[in-house]
> 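Just passing along the structure, written as structure tokens.
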Amino acid sequence: MRLENISKSFPGVRALSGVSMELKAGDVHALIGENGAGKSTLIKILSGAYIKDSGEIFIDGKKVEIGGPQHALQLGISVIYQELNLVPYLTVAENICLGTEPLRNKLGFIDRTEMLKRAKAPLEFIGVDIDPRALVADLSIAQRQMVEIAKAISHDCSILVMDEPTSSLTESETVKLFRVIETLRNRGVGIIYISHRLEEIFSMADRVTVLRDGELVGTLPISAVDKDKLVTMMVARKLSDYYTRDQVEASEAVLKIENLSDGKRLHGISLTVRRGEVVGLAGLVGSGRTELARCIFGIDAFVEGEVMVSGKPVRIGSPQEAITLGIGYVPEDRKKSGLILKMAVRENLSMARLNTRNGQTAELLSLGSFIRKRAEEALVEKYIEQLSIKTPSHRQNVAKLSGGNQQKIVLAKWLAIEPKILILDEPTRGIDVGAKAEIYALINECTKRGMGILMISSELPEILGMSDRVLVMSGGRIRGELAREEANQEKIMQLAI
Amino acid sequence: MSTNPSLRVTELSTRNVQLTKYVLRSGILVAFIALLIIFAFTAPYFATFENLRNVLRQVSVNTVVAVGMTFVIILAGIDLSVGAIVALIGSLAAGFLQAGYSLWLVLLLMVAIGAASGAINGYFVAYQGVPAFIVTLATMTIYRGLAFLRTGGYAIPIANDAFLGLGRGYLGPIPTPVVVMVVIIIIGHVILTMTKFGRHALAVGGNEEASRLSGVNVEVTKLLIYTMSGVLAGIAGILLAGRLGAGSANSGTGLELDAIAAVVLGGTDLMGGRGTITGTILGAFIIGIISNGLTLLNVEPFYQMVIKGCIILFAVWFNIYGHRKGAIG
């Protein structure tokens, strides 16, 4: 298979521009890059989930246009996503034959014996011992992955894409998976293998392609690179000028966390955020950064540890309590948890402020239960102007605004409670460069007003450009702290991987 | 994204335009006026004061229930138990009156029992995460069963004139249940559009997660809305028992469906997050007018059912079609 000059844009972002790569039969081809480098977009184009804007795809020398997921399967492309796509309450055999069930007759009755036989063959081929009659819901993650692979083989796939297959496997399960991949390789299947774990790539890949910011950095045989070289390829780039951090003299701690564990994903986290400070929280997806933010904001509970706000120990049991303490949280997915898309700018913007205890902030938005429309409108207009949110009016439905303006509304929602602590989770994801610059300016402004900011970001230049200190998380622990002066992309990646 | 004219109107963006936009887009106002005109010309006596007053009296029970249902559906929920609560409250009220309890005590008790019935629904939906459809399907059977247990299957006659007056009487020229209905409509509209609680209802229905993260107490909001639906069903039960002059376990059968139809006809989004009381009123009135007009036209009741169903289906279809074109998915 050969990809040439593949490009794909989403409103406001260019996800892939002119990416080319070649996959040979029987090759394990690693695809790496930072979060947001364009790996997922590329494999979604291969799987037919997205349609490319431009570029050409050749399979066995023939040019193809992948029209959709069904078509991709017919072309022999199977993708195994991180979040596995099996139907939990069907059996293994039913899952493997889903959509291609063998029929006993024209009435549509399923031939169960044939189905079991068809399911058994690929399972035996990859050498795993799973009963095709078992319910998928009863299987472990590793076993489910094997079922996905078997399903791909049963579709006669010649190209198998695996997205972070080992992220939830134990060591011994990983070894087993590698053996299966070895078998597939020997059978001539071309495998695209996406992983953040560089050790794995060195132990099994033949070649490696690095993407960065939607562009191809290069494809090299694995023998020609070492870990340091790969990290440099993934992150090396100039810091853009728009990261201008006006540092503020940091004073007393507004948020202090000691030894926090949630019993699942977070282990012994301690950190401090001071007034006027931006603390960057770096790490790979799944390293526990969002989980930590959710614990601090009272969405999820933690079992151990202490949280102190402005020096006083507090128990935060719900977002309401967090808001009352002056904590704001801009979540990572603005459409899923930041905005109410069916509502207008006004209702979204005043939402958190309306739920503060009366008297906590200067003007009251409500008298008893009644919303004071004029006070609300004044507040909303003030923030629309302050953040230069581009909207026809405050009655505009937020769904119709651009990503940058939507993100500004989420920010404004929290600024309106005049917080002491602001947690930003991926504050500039999926918005254009201009809006990013405006949000950075806003972060500077906030710290000047004395807020302490904890900023989670997967974009290293953003972390480096805006943070006064950088904490790096991995596996639910804080692996290290870097001062602004000493932090660089290589050091962060070394700690994060 | 769309050139839908009603959307361009939104950009003018004043409160009234926003409201009418809803109504216009669902085509409900057009349907309402069209029905009025058609029946005025075809059905004898339709356009008389007595008849229209009669229609208002007939729709009052459904409208009161539908106001509560609007809030429930805004939450993306459903309340199938309201018809059964109407029957239960009617039966209990008749029983208590027969046993000689005073009018005010009975009324107070009935509202409290309505609230409790609704709160039970709300508890399971909000705090136990049981789907609203299942919870209220179950309580629908339970509440109606309790009504049958109370009455033994017979209607309990009501002799209290003041109570009967609530269903049959007049305040000046206006029937008492219509006055009650208007008061409840106004309260419902004010709560939905002017209070934090109404805002929370729309927010939770629109995006539960985002609401929670903004400090909305999602569970309490849900509990209160189901409780409110129960209270309104209780009030409707009192009005209906007063009009019928008896408490019967069979009363209010299918009322939940009429209320849902009124809400959906009124343009409230079954997926939650959007809705108006004004739309619901129009929806309830349309259902009432159809029944009344067809009766005056001497259409057999069985045909009436078929026609009513068709009109609801087409109106809602039109509504969904409008939403799809309206760019907000």
Side-chain angles (χ1 to χ4, degrees), chain A residues 293-294 297-299 318-324 327-331 333-358 365-373 376 391-400 410 413-414 416-417 423 425, chain B residues 1-2 4 7-19 21-22 74-76 187 190-221 224 267-276 323 326-329:
Chain A
R294 290 174 63 93
F297 197 61
I299 308 163
S318 70
Q320 278 154 296
E321 292 173 36
I323 292 169
T324 311
I327 306 176
Y329 173 50
V330 173
D333 186 336
R334 71 176 154 269
K335 288 193 175 153
K336 206 174 124 249
S337 29
L339 291 169
I340 296 167
L341 291 173
K342 287 179 179 176
M343 284 186 151
V345 173
R346 185 184 69 206
E347 285 124 343
N348 271 291
L349 211 156
S350 65
M351 181 71 69
R353 172 70 173 268
L354 267 177
N355 294 320
T356 52
R357 297 282 145 76
N358 284 348
L365 279 200
S366 57
L367 251 175
S369 183
F370 283 85
I371 296 170
R372 296 174 60 208
K373 284 243 153 101
E376 188 190 21
T391 171
S393 89
H394 58 76
R395 296 190 196 290
Q396 175 71 30
N397 191 298
V398 290
K400 290 182 197 144
V410 181
K413 169 166 90 178
W414 292 111
I417 68 164
I423 305 170
D425 198 346
Chain B
M1 280 227 264
S2 157
N4 190 328
L7 272 178
R8 250 183 278 129
V9 174
T10 348
E11 322 280 308
L12 296 175
S13 65
T14 66
R15 177 90 213 150
N16 287 333
V17 174
Q18 278 271 332
L19 267 178
K21 176 200 75 176
Y22 255 44
I74 280 174
L75 276 186
I187 294 174
V190 166
I191 289 180
L192 185 59
T193 57
M194 292 166 69
T195 68
K196 279 205 268 190
F197 179 69
R199 184 71 63 83
H200 288 177
L202 289 160
V204 171
N207 185 339
E208 205 172 306
E209 169 84 352
S211 306
R212 194 189 307 277
L213 295 193
S214 304
V216 176
N217 194 328
V218 173
E219 286 73 28
V220 166
T221 306
L224 287 178
T268 293
D269 193 339
L270 266 176
M271 308 305 287
R274 253 194 294 244
T276 58
H323 269 299
I328 318 151

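Chain letters run A, B, ... following the sequence lines, proteins first and then strands; every chain starts at 1. Being a predicted model, the structure only gives us computed values, none of them experimental.
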> Give, as side chain, backbone, both or neither, the part of Arg294(A) having an atom under 4.5 angstrom from any heavy atom of chain B.
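Contact with chain B: side chain only.
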> Given that the side chain runs from C-beta out, which part of Lys336(A) has a heavy atom under 4.5 Å from chain B: side chain, backbone, both or neither?
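The backbone, not the side chain.
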> Can you measure from CG (Leu339(A)) to CG (Leu213(B)) and round to the nearest 0.5 angstrom?
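Answer rounded to 0.5 Å: 11.5 Å.
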> Quick check for you: to the nearest 0.5 Å, what is the distance between Met343(A) atom CE and Ser211(B) atom OG?
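Between Met343(A) CE and Ser211(B) OG, I get 7.0 Å after rounding to 0.5 Å.
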> What pair of heavy atoms forms the shortest contact from Val216(B) to Asn355(A), and how long is it?
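Nearest heavy atoms, Val216(B) then Asn355(A): CG2-ND2, 3.4 Å.
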> Quick one: of Glu208(B), Met194(B), Arg199(B), who has the most non-hydrogen atom pairs under 4.5 Å with chain A?
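Looking at each option in turn, the highest pair count goes to Arg199(B).
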> Could you report the tightest heavy-atom contact between Ala203(B) and Met351(A), atom names first, then the distance?
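Answer, listing the atom of Ala203(B) first, then Met351(A): CB-CE, 3.5 Å.
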> Heavy-atom pairs under 4.5 Å with chain B: which of Phe370(A), Trp414(A), Tyr329(A), Phe297(A) has the most?
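When all of Phe370(A), Trp414(A), Tyr329(A), Phe297(A) are compared, Phe370(A) has the most.
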> Specify which of Ser337(A), Ser318(A), Gly298(A), Gly328(A) makes the most heavy-atom pairs with chain B at under 4.5 Å.
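It is Ser337(A).
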> I'd like to check the side chain to side chain contact (heavy atoms under 4.5 Å, CB included) partners of Asn207(B); sequence neighbours left out, ordered by chain and number.
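Scan of Asn207(B) (side chain to side chain contact (heavy atoms under 4.5 Å, CB included), adjacent residues dropped) gives Ile340(A), Glu209(B), Ala210(B).
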> Tell me which of these, Lys335(A), His394(A), Glu376(A), has more heavy-atom pairs under 4.5 Å with chain B than the rest.
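So the answer, after comparing Lys335(A), His394(A), Glu376(A), is Glu376(A).
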> Could you tell me which non-hydrogen atom of Gln320(A) sits nearest to which non-hydrogen atom of Asn217(B), and how far apart they are?
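Distance-wise, the nearest heavy atoms are NE2-CB, 3.6 Å.
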> I'd like to know if the side chain of Lys342(A) reaches the main chain of Gly272(B), judged simply by a donor and an acceptor atom lying under 3.5 Å from each other, with no hydrogens or angles considered.
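Flag set: sc Lys342(A) to bb Gly272(B) pair under 3.5 Å.
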